Amino acid sequence: MSAAYLRYELLRTLRNRRFLFLSLGFPLVFYLLVAGSSRGVRDLGDSGLSAPLYYMVGLVSFGAMSAMLSSGARIAAERQAGWHRQIRVTPLPPRAYLRAKVLTGYLMALLTMAVLFAAGAAMGVSLPAGRWLEMTGLLLVGLVPFAALGILLGHLLSVEAVGPALGGGVALLAFLGGTWFPISDHGLLHVVGQLLPSYWLVQAGHVALGGAAWGAHGWLVMAVWSVVLGRLAMAAFRRDTARV
Amino acid sequence: MTGSGIALAGLSKTYSSPEGPVHAVRGIDMRVAAGETVALLGPNGAGKSTTIDMLLGLARPDAGEVSVFGRAPADAVAAGAVGAMLQTGELIRDLDVRELVAMVASLYPRPLDVDETLALCGIEQIAGRRTQKLSGGQTQRVRFAIALVSDPELLVLDEPTVALDVEGRRAFWQTMRAFAARGKTVVFATHYLEEADAHADRVVLMAQGRIVADGPPTEIKGLVGSRTIRATLPGAPLDALGALPGVTSADRRGDAIVLVCADSDAAIRALLAAYPQASDVEIAGAGLEQAFVALTADGAVRA
Ligand SMILES: Nc1ncnc2c1ncn2[C@@H]1O[C@H](COP(=O)(O)OP(=O)(O)OP(=O)(O)O)[C@@H](O)[C@H]1O
Ligand SMILES: [Mg+2]
């Protein structure tokens with residue numbers, strides 16, 4: 001019975017044109033600006049990497065993370081409409097509800113990634129298929145904690161609060177995760193960064209740049225965040241039955 | 001039989017607010033037999049929606065118990081036995097009316113046919129319109145369709161006719177009654193005595209978080225349809241006042257007396273004949289609000 005529900009949720013997401021264009025358009029424009037201006041740079045900062053490749057990878061993890069978290073804004077809007085109470089007087093199981101929200105988040109994340117991969121290809125980025133698959137797979141796994149975080153914030157915050165929270169949260173997570181510039185190998189930022197899921201998401205992207213995949217440390221951090229945030233999201237949904 | 005009908009026992013709910021605790025519901029006992037249609041009638045803030053929230057499992061009572069067909073509310077909801085139209089709520093956007101009703105129908109084990117439901121709720125003409133483009137009354141009709149499409153054993157409606165025009169109201173009640181006639185249980189909240197009178201088997205009158213009267217519509221109508229006479233009249237005995245023709249009950253507030261009257265014309269004549277010194281005489285109309293104040297101020301009335 002929840003298959004039909006999921007289908008309608010996906011349909012709704014794709015029909016929200018403004019949301020779609022802004023979510024997909026922002027990382028794309030960003031990429032075209034940054035990578036377009038340094039298109040000819042074949043060896044960015046002695047890294048041996050071309051600028052279009054380097055920025056594509058950075059923006060893919062950033063864009064996928066924001067797309068995932070944006071489910072929080074949609075949930076907050078639905079709560080504002082009182083839909084969280086209406087859905088609670090139907091037999092929809094909480095798990096099916098959360099699954100639908102996670103999958104709509106993944107739909108947005110995948111679209112964002114596809115757009116950026118296409119833009120990268122247009123700028124001359126080419127990767128061996130194995131690399132590309134490994135990066136994509138790892139990114140998808142790395143998005144799990146962000147799916148939970150988006151749902152959690154959506155059920156905790158009002159429509160007014162969720163905008164700044166997501167905007168600031170994405171910027172902070174991206175900064176500490178080393179999206180914009182590499183975090184040095186030692187010092188406080190490095191220690192803090194390695195405890196955050198965004199750091200490992202960025203590392204997942206770096207697989208395409210010849211970086212190492214996650215070691216035990218990375219898998220552990222991601223697993224802990226996924227479980228903790230997943231439980232919190234479930235709890236937040238379960239207790240979210242009041243008028244807002 | 002414990003499994004049949006709905007039972008609310010000793011229900012209380014207090015909210016905290018910046019001005020201090022709000023005792024929204026204070027000790028409600030009520031049973032609704034399976035197949036019965038019951039109106040919750042009361043003024044703003046009486047606790048109707050809070051009671052409904054507890055009946056639906058949306059709010060946890062501070063004290064007391066709720067049983068819906070012998071089950072906890074959440075279990076009855078999970079089994080698909082409950083359909084509800086809440087007081088506040090808009091529709092989610094980016095689906096058309098038919099899709100939204102079909103989406104809700106898909107969550108229930110034995111829903112009604114979607115097109116049939118749209119017709120019953122008078123929204124077949126707007127079936128293809130996006131939910132964010134609807135008028136207030138159209139939205140209300142779609143919300144009714146969402147509650148109805150589940151074909152529930154218990155239908156809960158919180159002020160369902162708000163925003164509906166005259167024809168919309170008539171059609172709404174007709175559909176509701178046809179539904180109830182199939183042996184279904186219906187609980188609805190309203191401010192309007194006429195709605196409760198016309199469409200319920202029983203009326204439960206609420207004020208200030210309590211049930212102040214519970215009985216057949218005619219009985220409640222007699223109680224609430226009354227007028228009150230207020231006058232400054234120090235020293236008059238309450239017994240004698242209460243025995244005047246047309247007076248149901250008499251009460252004193254300082255120097256003033258308050259008479260709840262079934263027949264205020266007879267009462268005012270008798271009052272002035274017996275007590276010509278009565279001054280500042282006021283007769284208040286049959287507004288629910290005043291009637292509730294009269295009924296609840298002294299706790300005198302328990303039907
Ligand atoms: N979440 C809340 N926090 C604080 N007070 C609340 C909350 N919800 C309801 N109340 C208060 O509880 C009281 C009862 O509210 P309720 O909504 O049950 O009344 P009602 O009978 O449905 O009124 P109306 O006819 O206006 O819909 C009101 O005084 C209301 O302000
Ligand atoms: Mg109400």
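The shown structure was predicted, so the numbers you read here are calculated from the model rather than taken from an experiment. Every heavy atom of this structure was used, including side-chain atoms; hydrogens, water molecules and symmetry mates were not. Per chain, numbering begins at 1; letters A, B, ... match sequence-line order.
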Answer yes or no: are there more than 12 heavy-atom neighbours, outside [X] itself, under 6.0 Å from its atom [atom1]?
{"X": "B/Y15", "atom1": "OH", "value": "yes"}
{"X": "B/R182", "atom1": "CZ", "value": "yes"}
{"X": "B/E65", "atom1": "CD", "value": "no"}
{"X": "A/R15", "atom1": "CZ", "value": "yes"}

**Part of A/L14 lying under 4.5 Å from any heavy atom of chain B** = neither
Distance in Å, [X] [atom1] paired with [Y] [atom2], rounded so as to fall on 0.5 Å steps:
{"X": "A/H84", "Y": "B/I92", "atom1": "NE2", "atom2": "CD1", "value": "13.5 Å"}
{"X": "A/N16", "Y": "B/D94", "atom1": "CG", "atom2": "CG", "value": "4.5 Å"}
{"X": "B/L56", "Y": "A/T241", "atom1": "CG", "atom2": "OG1", "value": "10.5 Å"}
{"X": "B/M103", "Y": "A/E9", "atom1": "CE", "atom2": "CD", "value": "5.5 Å"}

Minimum heavy-atom separation for [X] and [Y], please, with both atom names.
{"X": "B/S106", "Y": "A/Y5", "result": "OG-N, 4.0 Å"}
{"X": "B/E99", "Y": "A/L11", "result": "OE2-CD2, 3.8 Å"}
{"X": "B/E90", "Y": "A/W83", "result": "O-CE3, 4.1 Å"}
{"X": "B/Y108", "Y": "A/T90", "result": "OH-CA, 3.4 Å"}

**Request:** Start with the C-alpha gap between A/R243 and B/S49, add the side-chain angles, then the distance that decides, and say whether side-chain contact (heavy atoms from CB on, under 4.5 Å) holds.
**Result:** CA-CA 11 Å; A/R243 303 177 215 168; B/S49 299; 3.3 Å; yes
Answer with side chain, backbone, both or neither: which region of [X] has an atom nearer than 4.5 Å to a non-hydrogen atom of chain A?
{"X": "B/D75", "result": "neither"}
{"X": "B/R130", "result": "side chain"}
{"X": "B/T50", "result": "both"}
{"X": "B/A76", "result": "neither"}
{"X": "B/V156", "result": "neither"}

**Asked** Under the 3.5 angstrom rule, does the side chain of A/Q86 hit a backbone N or O of B/A84 as a donor-acceptor pair?
**Response**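 Yes, the answer is positive, given that a donor and an acceptor are paired below the 3.5 Å cut-off.
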